[in-house]
Amino acid sequence: MDTVFGIQFKGGVVLAADQSNARSILVYQNNLDKVTKLSSHSAMGVSGPNADMVNFTEYIAKNLALYELANDGTKLSTKAQANFCRNELAVALRKGPYQVNLLLGGYDEKDDAGSLYFLDYLAALQKVPYGSQGYASNFCLSIMDKEYREGLTEADALLIIEHCIKEIATRFLINQPNFMIKIIDKDGVRVHSFGGDPADT
Amino acid sequence: YFIGRNQLICQQQDCHHLLTMTLLQVSTLFLVLLPCGLGSSTGNGGGGRFSNYAAYHYDQTTPMFTPDGRLLQVEYASLASTHSSPLLLFSSTSTTTTTTTTTTTTADNDNCLVLIAHHSQSKRTGQDRLVQLSSSSSNNHNKNSIVVGMSGILGDSVALLQQIQKKYEENLRLYNFQQMQFQDVITALGDACQRHSFGGGIRPYGSQMIVCTSSRSRAPHKHEKNNNHNNNCSGTTPTTTFQIATIDPSGSIHMSSIHDDSTVSSSKSSNRIRLVGGTKGIHDQIRKELEQQHFFSSLDDLPSSLRAACSTMRTILGKKTQNPTTSTKKKNSSLVVSSSKEGDTTTATAAQAAQNNGKDDTSTNDSWLEVVIISETKGVYRMTDRQIEALLNSSPPSSVTTTL
C-alpha cells in the first residue's frame with residue numbers, strides 16, 4: 001500500500017513517498033523514510049515489505065560505496081546505478097526475489113541534468129520523465145500526464161507533487177497522512193519536507 | 001671407476017699397474033671438476049656464469065623472496081619484454097588547411113598520438129601488437145577509443161587482452177557501460193598481472209602492455225552560474241590530453257600523459273616519445289637514428305615525423321632479417337578500424353600524399369610495421385601495409401630539407 005512517485009525537472013529530480021509503515025490492518029508508524037540516499041547525488045524511493053526495502057537499499061548503497069572505494073573515487077552515473085540495481089534484482093529473481101518496486105533518481109554532473117528510472121520487482125528498467133509506484137499511480141499518473149512538460153523548474157515540479165498528494169488524500173482509500181519529499185540536484189540529496197520526522201522514535 | 005673397469009680387461013701382468021694409474025687419473029679428474037661444478041656456492045660469485053641465487057633456488061618459484069627482498073621470477077618476467085621489438089610512441093600534429101574563399105584559409109591542427117610496432121616475420125600472420133578495443137556503442141565507436149600495445153610474449157599479451165574483455169562484459173552487464181573505460185582497462189590489466197605475481201603454481205605474465213587513449217577536457221576556469229543554476233563554462237579552452245599507462249608484469253601501473261606542447265623546444269622533444277619493450281641498447285640506437293632522420297625537428301609535421309619514425313624502426317629493427325625476399329604477400333589487416341569511412345582526411349593525408357608518389361611494394365625487408373594513429377578529433381586510424389610502404393618509399397618532404 002506504499003506510495004512512491006517522482007518527477008524529473010531541469011537540473012534535478014524530486015522524489016516523494018508516503019511515510020506509513022503498515023501491515024494488514026495495523027499501522028506501525030507514520031514517520032518511516034522510504035526515500036533512501038544511495039550516493040552523494042542519487043536516491044531511491046522504494047515500496048514493498050519493510051524487510052526487503054531496508055535490505056535491498058542498504059545492499060545497493062553499500063555496493064555503490066564499495067565501487068567508489070575500489071575505483072579511485074570514481075562515481076557511477078545514475079544510469080549505471082540503475083542498471084546495477086536492475087542486475088541485482090534480476091539475479092535474485094530466480095533465487096530469492098526482492099519484492100520491491102522503486103524509483104531511482106539522480107543528478108549527473110557530466111550532463112548537468114537529473115534522470116529518473118522506474119524499476120519493478122521483476123527487474124524491469126525504464127528511464128522516465130515522471131513515474132509512480134503502488135496504488136497511487138492510479139491517481140498520480142494522470143495528473144503528471146496533464147501537467148508535466150519539458151524544462152520544468154524545481155518549483156513547478158514541487159507543485160505537481162503537491163497536486164498528487166492532495167489527490168491521494170482526497171480519493172485514495174488508504175489513509176496516508178505524511179509524505180517525505182526529497183530533491184536531488186547539483187547540491188546533492190536534501191530533504192524538502194516531511195510529515196513525520198524519521199528521527200522520532 | 002669406469003676407466004678402472006675398462007683397464008681391468010687388459011693384460012693381467014699390467015693389471016695392477018694400470019689399475020693404480022687409472023685410479024690416480026680418476027681422483028685427479030674429480031678434484032679438478034669439483035670446484036667448477038659447485039661454482040659460487042658461497043654466494044659470493046659476482047662473476048662467472050652462475051647467478052648469485054642459483055644455489056638457493058630463489059629464482060625457481062614466484063612467491064619466494066630473496067634475502068634482499070626481491071621477487072626474481074617477477075623481475076625475469078619484466079625482462080621478457082626486452083626480447084621483443086620495442087613499441088614506439090610519439091605525439092605529433094597534423095595540419096589541415098581549408099580554403100573557404102579565395103582569400104580565407106583556415107588551418108586546423110589535429111593533435112595525434114602515433115604508435116608503431118615492428119614485426120620480424122616475413123608474412124603477416126595472426127595477432128597484431130597494436131589492438132583497438134572495440135565497444136558496442138554505435139554512436140561513438142571511434143572517438144575516445146582505447147588502443148593497447150603489447151610487447152613481450154605475445155601469448156601472454158593476448159591472455160591479458162581477454163582479461164580486459166572479461167572486465168568489459170562484466171561492466172556491460174552490471175552497469176550498462178557501452179564503452180570501455182580507460183581506468184577499468186588499466187585496473188583490470190594491473191590486477192591480472194598482480195594476481196599472477198603471487199605465485200601459487202602460475203607464472204607471471206611475460207609481457208608489458210601500454211594503453212593509450214585521448215581525452216578531451218576543459219582547462220579549469222571559474223564557473224559562471226546563470227539563472228537556471230547551470231554551470232556555464234564559457235571562456236574555457238578545450239585541451240586534449242593523451243593518457244598513457246604502462247603495465248608491467250608485477251602489476252604496477254605507470255601513468256603518463258603527453259599534452260599538446262608544440263611550443264616545446266626541440267631539445268625537450270625527446271620527451272615526446274616513448275619506447276616500450278626492447279633492450280636499452282636498442283632504445284639508444286633508435287633515438288640516435290631518429291636524430292639522424294631529423295625526427296625531433298619535424299615532430300609538428302605528422303607526415304615527416306611519421307616517415308622518419310617508420311624508417312627508423314625498419315632500419316634498426318629490420319637489421320636482423322636482412323635476407324632479401326623475392327616477394328612479400330601483403331594484405332590489409334583484418335583488424336583495420338573503419339575510420340576511413342568518416343572522411344578521415346586529416347590523418348590519412350600523410351599516407352595518401354605519399355601513396356600518390358609511391359611505387360609498387362618492392363621492399364626487400366622481411367619485416368613489416370604496424371602504425372596506429374590516435375587523432376584528437378577523428379579517432380583511431382590504422383595505416384595499411386600499402387600506405388606504410390608508400391610512405392617509406394617516398395622522398396623526404398621538402399620542408400625538412402629546407403630546415404636543414
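Numbers restart at 1 for each chain; the letters A, B, ... are given by sequence-line order, proteins then strands.
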**Study point:** Test item: A:Gln8 side-chain N/O and A:Gly114 main-chain N/O as donor-acceptor pair under 3.5 Å
**Key:** yes
**Study point:** Residues B:Arg382 and B:Asp128 bridged, charged N to O under 4.0 Å
**Key:** yes
Check your understanding: Non-hydrogen atoms of chain B under 4.5 Å away: do they reach the side chain of A:Asp185, the backbone, both or neither?
Key -> neither
Revision key, fill the gap. Turns out that what part of A:Asn87 lies under 4.5 Å from chain B's heavy atoms comes down to side chain
Revision key, fill the gap. So, the part of B:Asn171 with a heavy atom under 4.5 Å from chain A: the answer is neither
Review point. Can the ring centres of A:Tyr67 and A:Phe84 be said to be less than 6.0 Å apart?
Key: no
Review point. For the candidates A:Asp72, A:Asn71, A:Leu76, A:Val91, which exhibits the highest count of non-hydrogen atom pairs separated by less than 4.5 Å from chain B?
Key: A:Leu76
Study note, to complete from the structure: Checked B:Gln183, B:Gln181, B:Arg173 vs chain A; the most non-hydrogen pairs under 4.5 Å come from B:Arg173
Check your understanding: Have A:Asp2 and A:Tyr135 got a donor and an acceptor in their side chains that come within less than 3.5 Å?
Key -> no
Check your understanding: In terms of side-chain heavy atoms, does B:Asp248 have a donor or acceptor partner in B:Ser78 at a distance below 3.5 Å?
Key -> no
